[in-house]
Amino acid sequence: MDIENLSLRELQNLEKYIPGLGRFPSRFAVTNYNKFIEILYDDIDDIIYQIQENPELRQNDSEDRLTIDIRDQLRRLGYDASHDTKFGGHADLLVKKGNFTWIGEAKIHSSYSYLWEGFLQLTTRYSTGDFNQRDGGIFIYIRQKNVSAIIEKWKNHLLSKELSDFNSEACENRELSFFSTHKHEASGQDFRIKHIPVILYFQPQDKSGRGKSNKKA
């Protein structure tokens with residue numbers, strides 16, 4: 001097969017068979033907002049999995065350091081991605097393709113009220129909720145154990161806020177993540193957020209790991 005002479009559409013059809021293509025054809029050709037979001041989330045999940053491979057090296061990383069690493073990998077994939085960009089405030093992560101915009105807020109988990117502040121920043125400061133930015137995300141960097149329980153408590157915390165038309169749904173591609181939707185105050189339209197935990201817990205119990213206590217967030 002002479003890949004050099006294949007069309008972009010033909011390359012898209014080969015993506016699942018040739019991992020080296022790395023979704024590049026679909027990422028390059030996307031013109032639909034929903035498809036832009038779908039591919040972006042697949043790419044973000046892959047980046048998160050890589051970051052989680054070495055939590056022992058991430059114990060002293062700040063929110064900015066972790067988020068910049070995500071930004072840099074998105075840039076290598078061809079995204080127009082920036083950190084601390086002035087966009088109604090200083091957004092932690094801004095990803096654009098033409099008029100399509102996705103905004104991410106990042107928090108090291110210490111309390112649910114702290115995560116709630118991040119939620120408010122994303123929904124009432126940075127985003128407009130217009131047709132070209134109907135989605136956003138919250139990165140939750142977690143250095144405590146039992147991420148599943150933490151995320152479930154966070155979901156219940158959101159439910160207790162009685163947001164307008166609030167609902168949540170599971171993420172099919174990654175069980176620990178979930179989506180929430182509520183009516184955006186500015187646009188009056190549904191605004192969907194992906195809540196993205198990043199597992200950074202590290203407290204080995206083997207003999208060589210004893211004494212290397214996990215730093216609490």
Side-chain angles (χ1 to χ4, degrees), residues 8-9 11-13 15-16 21-51 66-67 69-83 85 87-89 91-107 115 118-140 151 154-155 158 163-198:
L8 190 60
R9 177 63 64 184
L11 286 172
Q12 283 181 270
N13 293 334
E15 284 179 345
K16 62 181 177 181
L21 289 174
R23 289 189 287 270
F24 171 76
S26 292
R27 196 181 302 117
F28 179 80
V30 68
T31 57
N32 175 277
Y33 175 82
N34 289 335
K35 192 65 177 178
F36 161 68
I37 294 297
E38 177 186 332
I39 296 171
L40 173 62
Y41 282 153
D42 285 342
D43 288 331
I44 286 175
D45 282 346
D46 286 347
I47 292 169
I48 296 306
Y49 297 148
Q50 291 177 36
I51 288 175
L66 290 160
T67 307
D69 282 354
I70 296 171
R71 179 207 64 185
D72 289 347
Q73 293 200 52
L74 287 171
R75 284 181 174 177
R76 292 188 186 100
L77 293 174
Y79 287 100
D80 177 4
S82 59
H83 167 70
T85 305
F87 203 85
D92 286 333
L93 186 62
L94 187 69
V95 183
K96 304 191 73 174
K97 181 177 176 61
N99 288 326
F100 301 154
T101 301
W102 182 88
I103 304 169
E105 175 63 11
K107 296 294 183 188
L115 294 183
F119 184 95
L120 293 177
Q121 286 174 303
L122 175 63
T123 58
T124 66
R125 179 183 294 275
Y126 303 142
S127 62
T128 65
D130 207 342
F131 82 99
N132 65 323
Q133 47 169 280
R134 299 190 303 269
D135 293 74
I138 299 178
F139 295 101
I140 307 173
I151 292 301
W154 169 233
K155 191 186 303 182
L158 288 173
L163 295 159
S164 178
D165 295 338
F166 176 83
N167 65 74
S168 65
E169 59 181 302
C171 175
E172 293 183 1
N173 294 336
R174 188 183 182 219
E175 190 173 315
L176 284 173
S177 297
F178 73 94
F179 293 98
S180 69
T181 306
H182 74 287
K183 184 175 292 185
H184 196 284
E185 289 188 7
S187 68
Q189 303 297 308
D190 284 345
F191 188 72
R192 190 176 73 148
I193 296 173
K194 185 173 184 179
H195 303 259
I196 309 167
V198 183

With side chain to side chain contact (heavy atoms under 4.5 Å, CB included) as the criterion, how do I140 and I196 come out once you've worked through the C-alpha distance, each side chain's angles and the decisive distance to 0.1 Å?
CA-CA 6 Å; I140 307 173; I196 309 167; over 6 Å; no
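- Checked against F139 for a side-chain contact (heavy atoms from CB on, under 4.5 Å), the options I48, L66, D92 give a single hit: I48.
- Taking the centre and axis of the six-membered ring of F178, the NZ or CZ atom of K194 falls outside the cone set by 45° and 6.0 Å.
- Side-chain contact between V95 and L40: present, with at least one pair of heavy atoms (C-beta onward) separated by less than 4.5 Å.
- A salt bridge does not link R76 with D43: none of the charged nitrogens is closer than 4.0 Å to a carboxylate oxygen.
- Contact of the Y41 side chain with the N173 side chain is not registered, since no non-hydrogen atoms from C-beta on lie closer than 4.5 Å.
- Using modelled atom types, one side-chain atom of R134 and one backbone atom of F131 make a donor-acceptor pair closer than 3.5 Å.
- Side-chain atoms of Q121 and K107 form a donor-acceptor pair, as typed in the model, at a separation below 3.5 Å.
- Checking H195 against S180 by side-chain atom types alone, a donor-acceptor pair falls below 3.5 Å.
- Counting heavy atoms from C-beta outward, I103 and L93 have side chains that stay 4.5 Å or more apart.
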How far apart are the C-alpha atoms of F36 and T101, what are their side-chain angles, what is the distance that settles it, and do they pass the side chain to side chain contact (heavy atoms under 4.5 Å, CB included) test?
CA-CA 9 Å; F36 161 68; T101 301; over 6 Å; no
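- Contact of the Q133 side chain with the N99 side chain is not registered, since no non-hydrogen atoms from C-beta on lie closer than 4.5 Å.
- For CD of E175, the number of neighbouring non-hydrogen atoms (other residues, nucleotides, ligands) closer than 6.0 Å is 12 at most.
- Y33 has its side chain within reach of D135: a pair of non-hydrogen atoms, C-beta onward, lies under 4.5 Å apart.
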Between H83 and I70, does the side chain to side chain contact (heavy atoms under 4.5 Å, CB included) criterion hold? Intermediate values first, please.
CA-CA 10 Å; H83 167 70; I70 296 171; over 6 Å; no
Full working for side chain to side chain contact (heavy atoms under 4.5 Å, CB included) between D130 and S187
CA-CA 6 Å; D130 207 342; S187 68; 5.6 Å; no
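- When side chains are defined from C-beta on, F191 does not count as touching T181, because their heavy atoms never get closer than 4.5 Å.
- Annotation: side-chain hydrogen bond (donor to acceptor under 3.5 Å, both in side chains) contacts of S127 (sequence neighbours excluded): H184.
- R71 places no side-chain N or O within 3.5 Å of a backbone atom of A81 that could act as its donor or acceptor partner.
- For the 3.5 Å distance criterion, the side chains of Y79 and W102 fail to qualify, holding no donor opposite an acceptor.
- With a 4.5 Å cut-off on side-chain heavy atoms, R75 and D80 do not count as touching.
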